[in-house]
Amino acid sequence: MNRVIKKYCIHIALCWLAVLLSVFLTPGLSVRAVETVNNGAEPEASEASGQAQPEYGSLDELTGKKIGMITGFDTVLKGSLGHDNTFVYYPTTTDAIIALQKDRVDTVCVDEPVARLAVSANEGLCIMPETVAEAEYGIVFPKNSPFLASFDSVIKQFWEDGTIEALEKKWMDGDEEGKVLIPRDWEGKSGTVRYYHDATYNPMCYIGKGGESAGYDLDLVLMAARELDLKVEMTVCDYDALVPAIQSGKADIASGCMDITEEKKQYVDFSEPYCRSAVVLLTRDKNAVKSTESFGARLQQSFYSTFIEEKRWRMILDGLGITVLISVLSGIFGLLMGFGICMLRRMKPKPARLGAAAYIRLVQGMPIVVFLMILFYVIFGSVDISGIVVAVIGFSINFSAYTSEMMRNGLETVEKGQSEAAFALGYTRYQTFWKIVFPQAAMRFLPVLKGEFISMVKMTSVVGYVAVQDLTKASDIIRSRTMDAFFPLIATAVIYFMVANLMTGILTCAERRIDPKRRKREVKGVEPQ
Amino acid sequence: MIRVTHLRKEYGSVTPLKDINTEIKKGEVISIIGPSGTGKSTFLRCLNLLETPTGGEIVIDGERITDKACKIHLVRRKMGMVFQGFHLFSHMTMIENIMAGPVDLLHRPRREAYERGMELLRMVGLADKAQAFADELSGGQKQRAAIARTLSMEPEIILFDEPTSALDPTMVGEVLAVIRSLAGQGMTMLIVTHEMKFARDVSTRIFYMDQGEIYEDGTPEQIFEHPRRERTKQFIQRLKVFTASIDSRDFDFIGMNSRIEEYGRRHLIPQKIIYRFQEIFEELCVQILLPLLPEEVSVQMTAAYSQEQSCMQLKVQYNGPAFDPVDSDNTTALALVRHASVKMEYLGYSGAEGTNTVVLEIEE
C-alpha cells in the first residue's frame with residue numbers, strides 16, 4: 001500500500017509541476033504580445049502614454065482581418081464590413097477577449113456595455129471609436145406568446161417614466177454596492193413565467209455577489225414581472241442554448257443581451273427593445289504599458305478575485321458538486337444499462353442483438369453535446385425536467401454504449417472451456433455466469449472502464465448547454481465577471497485534475513481488490529492452520 | 001447405470017454420431033479408442049449434455065436426461081468430467097477451484113470443503129500447490145488438479161476426454177497414474193484416449209469407435225489381441241506398424257521426421273533406433289532413390305518394432321526400373337545407410353507395375 005501512495009505522490013507532484021509551469025509561461029506570453037506591439041509603435045507613442053491608441057482606427061482598416069465574437073454578431077458585421085473577413089466564434093465573450101489578447105484574432109465584436117467593462121478590467125485593450133452598428137436588445141418570446149403584448153406595454157411605459165434610464169445608471173455606471181436585483185416581494189397572482197438567461201454577460205446578465213444572479217436584463221425582467229404580478233422562475237443557460245430553450249417550450253421568456261435581428265425573428269418573437277446601445281469592436285491598445293505588478297502579486301490578485309471575492313468559491317464548490325453528482329450517477333446507471341445492453345448483444349434472438357448493436361452505433365456516432373441538447377430541447381422539450389436529470393440520462397446512455405462493448409469484449413475473452421467445466425460440475429447457466437465467467441471478465445474490462453469513466457467525468461463539462469451549472473460553467477461565469485482570462489481556467493483545470501485523479505485512485509483500489517493475484521493467498525472462511 | 005439407445009448427433013451436414021447403443025454398468029472402466037474424427041469426444045460430451053443429441057435416448061441412473069424436463073445440472077453433479085484442456089478456473093487458487101463445487105452447489109461448510117479439498121490435493125500429489133493459480137502450474141499438475149476438482153463433487157461416474165492429449169510427453173505418466181489409482185478404487189469411468197498401452201492395462205472394457213458408431217465392443221484382450229471385425233483389425237495393426245508413403249518430390253520432410261519420432265515415443269522404442277530409422281529414411285529414400293525415380297514418385301515405407309529382440313524391421317518399396325541401392329553412385333549416402341543398418345537386402349523387382357523391394361534391419 002505504501003508503494004501505491006508513494007507512486008501517487010510522485011504522480012501528483014509531477015502534474016502540479018506542469019500546471020505551475022503553464023502558469024509561469026502564460027503571463028510571459030501575454031507580455032511578449034504587448035512588447036511586439038510596442039516595438040512597432042513610433043517613439044513618440046510613449047509620450048502619449050495614458051491615452052489609448054487603438055491598433056485599428058477605423059472599420060476600413062479591418063479588411064481581411066480576423067474578427068472574434070459569440071454567435072449572433074455576424075449578420076450585423078456583414079452589413080457594415082466587406083465580405084473578406086474571417087469570423088471566429090467563441091462560446092463566451094470572455095473567451096473571445098482572451099483570443100484578442102493572445103493575437104488569435106485582430107478584433108472582437110461585442111456590445112458596448114460589455115466592451116466598456118472589458119477595457120476597464122484588462123490591460124492593453126480599447127474600443128474602436130467607430131461603432132459597427134446601433135443595437136437594440138429585446139426579450140425573447142416563443143411565437144404567439146401570451147406574455148408578449150403585456151411585456152411590450154410595460155417596456156413602453158418604462159421608457160416613458162424614466163425607469164430605463166435609472167436602470168442604465170444602476171448597472172452601467174453606478175457603484176458595485178448598488179448592483180443588486182430588486183427584491184421579489186410581490187405575490188404573483190397572475191401566474192408564473194419561466195425565464196432563461198445567460199450569465200456570462202456582465203453587466204447585462206451575470207452572477208454577482210455571493211453567487212446571486214444580477215444584471216440589467218434580469219432587473220428589467222423582474223420589474224416588468226412585478227408590474228404584471230407574475231412569478232419568475234429563473235434558470236441560467238448557455239447563450240447558444242437560449243433560442244432552443246424558447247423554441248422547445250422550456251422557457252416562456254429569455255434574455256441575454258440579445259440584439260433584435262430579422263433573422264432571429266423568423267424563429268422567435270422579440271419584445272420592444274429594452275436597451276439601445278451599439279455594437280462596437282474591441283482592439284488592442286498600442287499604447288498599453290507592461291504591468292509593473294510582480295507575478296506573485298498578480299497571482300494573488302487573481303486568486304482573490306476568482307475565489308474569495310463575493311464568496312465565489314461557493315459557486316466553484318457547488319459546480320464541483322454537480323460535476324461529481326452527474327459523473328457518479330451516470331457512471332452507476334451507465335454501468336447497469338451497459339450490462340443490460342451487453343446481455344442483449346449476447347442473446348440468441350436476432351432482433352435483440354441487432355437492436356442492441358444499433359443502439360450502440362447510434363449513441364457512439366453522436367457528439368455528446370448534440371445528444372444532450374436533443375434530449376433536453378427536443379425529446380424532453382415539453383416536459384418540466386431538470387437539466388441535471390437530463391445530463392444524467394444523457395451521460396448514462398452515452399456511457400452504457402461504451403461500457404457494454406467493453407463488457408462484451410471482456411466476457412468473450414473468458415474461454416468457453418471454463419463455462420463447460422462449470423456446467424460439468426453441475427453449475428446452472430446463471431451460477432456459471434456470476435461465479436465463473438463474470439469475475440474473470442470484470443478483471444479484464446475494469447482497467448479500460450476506468451479510463452472511459454474518467455473521460456466521461458471530463459466530458460460532463462458540456463452540461464452548461466442544458467442549463468446546468470457545473471464546474472466549467474461556474475468558472476465561465478466567474479471569468480465573465482472578473483474578466484480575468486487565465487487564472488480561473490487553470491484553477492478549473494487543476495480541480496478537474498484532482499477530481500479525476502481521486503476517482504482513478506478509488507477505481508484502482510477496486511481493481512486491485514478483485515484481482516485475485518494481488519490479494520492475500522488465503523482461503524476465505526478457513527483460518528490458516 | 002448408463003443406457004444409451006439410438007444416440008445420434010448431427011451438425012448441419014456432418015454426422016459425428018450415427019447410432020450409438022450401449023449399456024454401462026457400475027464400476028466399469030471403459031476406454032474409447034478409434035481413429036480421429038469418429039465421434040469419440042462427441043459421444044462423451046453427449047453423455048452429460050454438453051452437446052445436445054439430435055436423436056436417441058440417454059438414461060442415467062434411471063433418469064432420462066434427453067427429456068426436456070430433466071434438470072441436467074443435478075445429474076451432472078454425480079457425473080464429473082475431465083477435459084483435454086484442463087479448464088481450471090483461472091481466477092481461483094487450486095484449493096478454491098476444488099472447494100468451489102462443494103461450497104456453491106452442495107452447500108458444504110467452507111471448513112469441511114477445505115479439509116476435503118486438501119485431502120484430494122494430497123491424493124493427487126499437489127498439496128503444496130493449494131495456493132497456486134493455474135498459470136503457475138505445469139500441464140501435468142493442472143490436469144491432476146482438474147481431476148481433484150472433479151472428485152470434489154464425489155461423482156459416481158467420471159468422463160475423461162483425452163486427458164493426456166494436451167500434455168508434454170514427460171507429463172503423461174503422472175496423470176495416467178492418478179487415473180489408474182481411481183480405476184483401482186472401483187470408480188465408473190469412460191476414458192477417450194490415444195494411450196493404447198494404458199487403455200489396455202486399466203480398462204475392463206474397450207469401445208472401438210469408427211465412423212460414428214461403436215464398431216466393436218469387448219475386453220481389452222479381445223480388442224487388442226483378437227479383434228473380430230475388419231476395421232478394428234486394421235486399426236490395431238496400424239498402431240503397431242509404421243507406414244508412410246511418398247508420392248511427390250515436394251513431400252513434407254520435416255512432418256515425416258516428426259511422425260517417425262512420435263511412433264517411437266508411443267511404442268517406447270529406444271531413441272537410437274529412431275535416429276537410425278530417420279537417417280536411413282533421409283539417405284536411402286531422399287538422397288539415393290528420389291532423384292532416380294520417374295516423375296510419378298511412389299515410395300512406401302513400412303516399419304515394425306519387436307520389443308523382444310529390440311530390433312526394427314524396415315521395408316522400402318519404390319517404383320521405376322529395377323534398381324538395387326547397392327549400385328548407387330552416391331557412395332556417401334550409401335555408406336551412411338550401411339552404417340545405420342545391420343542388414344540391407346534387395347528382394348528384387350516384381351509385379352506388373354514394377355516394384356522394387358528393399359528390406360533393412362536396425363538394431364540399437
Side-chain angles (χ1 to χ4, degrees), chain A residues 347-350 406-407 409-450 508-529, chain B residues 44-45 47-51 71-106 109-115 117-118 130-136 146 149-153 155 158-159 161 166:
Chain A
M347 264 165 71
K348 279 221 180 82
K350 219 172 174 187
M406 287 172 200
M407 286 187 198
N409 289 337
L411 290 171
E412 272 169 11
T413 59
V414 181
E415 20 150 22
K416 222 175 125 225
Q418 297 207 23
S419 314
E420 282 188 351
F423 290 149
L425 281 176
Y427 280 77
T428 59
R429 287 177 68 86
Y430 181 82
Q431 287 169 320
T432 303
F433 182 81
W434 286 111
K435 300 233 174 208
I436 307 297
V437 180
F438 192 77
Q440 296 189 50
M443 246 156 59
R444 285 166 215 183
F445 68 64
L446 208 76
V448 212
L449 199 107
K450 187 173 71 175
T508 306
C509 279
E511 196 183 312
R512 273 166 220 269
R513 275 190 96 97
I514 65 159
D515 186 348
K517 292 262 171 81
R518 283 181 182 266
R519 58 156 213 243
K520 245 182 168 176
R521 295 203 180 183
E522 60 190 19
V523 188
K524 249 187 276 167
V526 180
E527 316 78 53
Q529 284 157 318
Chain B
L44 214 60
R45 291 163 61 84
L47 287 181
N48 64 357
L49 293 198
L50 282 183
E51 302 286 347
K71 290 211 166 81
I72 185 64
H73 63 276
L74 296 178
V75 179
R76 282 171 180 160
R77 287 181 192 176
K78 49 185 181 184
M79 186 162 60
M81 184 161 194
V82 175
F83 297 84
Q84 182 179 349
F86 330 126
H87 303 327
L88 290 167
F89 304 137
S90 55
H91 62 308
M92 298 179 185
T93 59
M94 286 311 110
I95 184 69
E96 286 170 333
N97 259 282
I98 294 167
M99 287 165 67
V103 171
D104 291 341
L105 306 175
L106 308 176
R110 293 188 70 87
R111 178 92 237 172
E112 189 190 316
Y114 174 79
E115 268 152 25
M118 287 307 291
Q131 299 295 347
F133 286 94
D135 52 12
E136 297 160 355
R149 176 177 67 181
T150 304
L151 291 173
S152 71
M153 293 295 286
I158 304 181
L159 312 172
D161 187 5

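Being a predicted model, the structure only gives us computed values, none of them experimental. Residue numbers begin at 1 in each chain, while the letters A, B, ... track the order of the sequences.
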Looking only at B/S90, B/P109, B/G85, most heavy-atom pairs under 4.5 Å shared with chain A are made by B/S90
Residue B/R45 versus chain A: region with a heavy atom under 4.5 Å: side chain
Give, as side chain, backbone, both or neither, the part of B/M79 having an atom under 4.5 angstrom from any heavy atom of chain A. backbone
Please round to the nearest 0.5 Å and tell me the distance separating atom CZ of B/F89 and atom CD of A/Q440. 8.5 Å
Answer with side chain, backbone, both or neither: which region of B/E136 has an atom nearer than 4.5 Å to a non-hydrogen atom of chain A? side chain
Taking every heavy-atom pair that is under 4.5 Å apart, which of B/T150, B/L88, B/L159 has the most such pairs with chain A? B/L88
Engaged part of B/F83 at the chain A interface, taking heavy atoms whose separation is under 4.5 Å: side chain
Atom of B/D104, atom of A/Q431 and distance for their closest heavy-atom approach: O-NE2, 4.2 Å
Can you say whether A/E420 sits under 4.5 Å from chain B via the side chain, the backbone, both, or neither, judging by heavy atoms? both
Is the count of non-hydrogen atoms from other residues, nucleotides or ligands lying under 6.0 Å from A/K450 atom NZ greater than 12? yes
Considering only heavy atoms, which portion of B/E96 lies under 4.5 Å from any heavy atom of chain A: side chain, backbone, both, or neither? side chain
Side chains of B/M92 and A/I436 in contact at under 4.5 Å (non-hydrogen atoms): yes
Correct closest heavy-atom pair for B/M81 and A/A424 would be CB-CB, 3.9 Å
Might you point out which heavy atoms bring A/Y427 and B/G101 nearest each other, and give the distance in Å? OH-N, 3.7 Å
Sort B/A113 into side chain, backbone, both or neither according to what part of it lies under 4.5 angstrom from a heavy atom of chain A. neither
Out of B/M99, B/K71, B/R149, which one racks up the most heavy-atom pairs below 4.5 Å with chain A? B/R149
Polar contact flag, side-chain donor to acceptor under 3.5 angstrom, A/Q418-B/H87: no
Report the residue from B/N48, B/L49, B/L50 that forms a side chain to side chain contact (heavy atoms under 4.5 Å, CB included) with A/F423. B/L50
Answer with side chain, backbone, both or neither: which region of B/D135 has an atom nearer than 4.5 Å to a non-hydrogen atom of chain A? side chain
Minimum side-chain heavy-atom gap A/L425-B/R77 below 4.5 Å: no
Options A/G426, A/S419, A/A421, ranked by heavy-atom pairs under 4.5 Å with chain B, top entry: A/G426
Taking all atoms of both residues into account, what is the closest heavy-atom pair of A/M443 and B/H91, and its distance? SD-CB, 4.3 Å
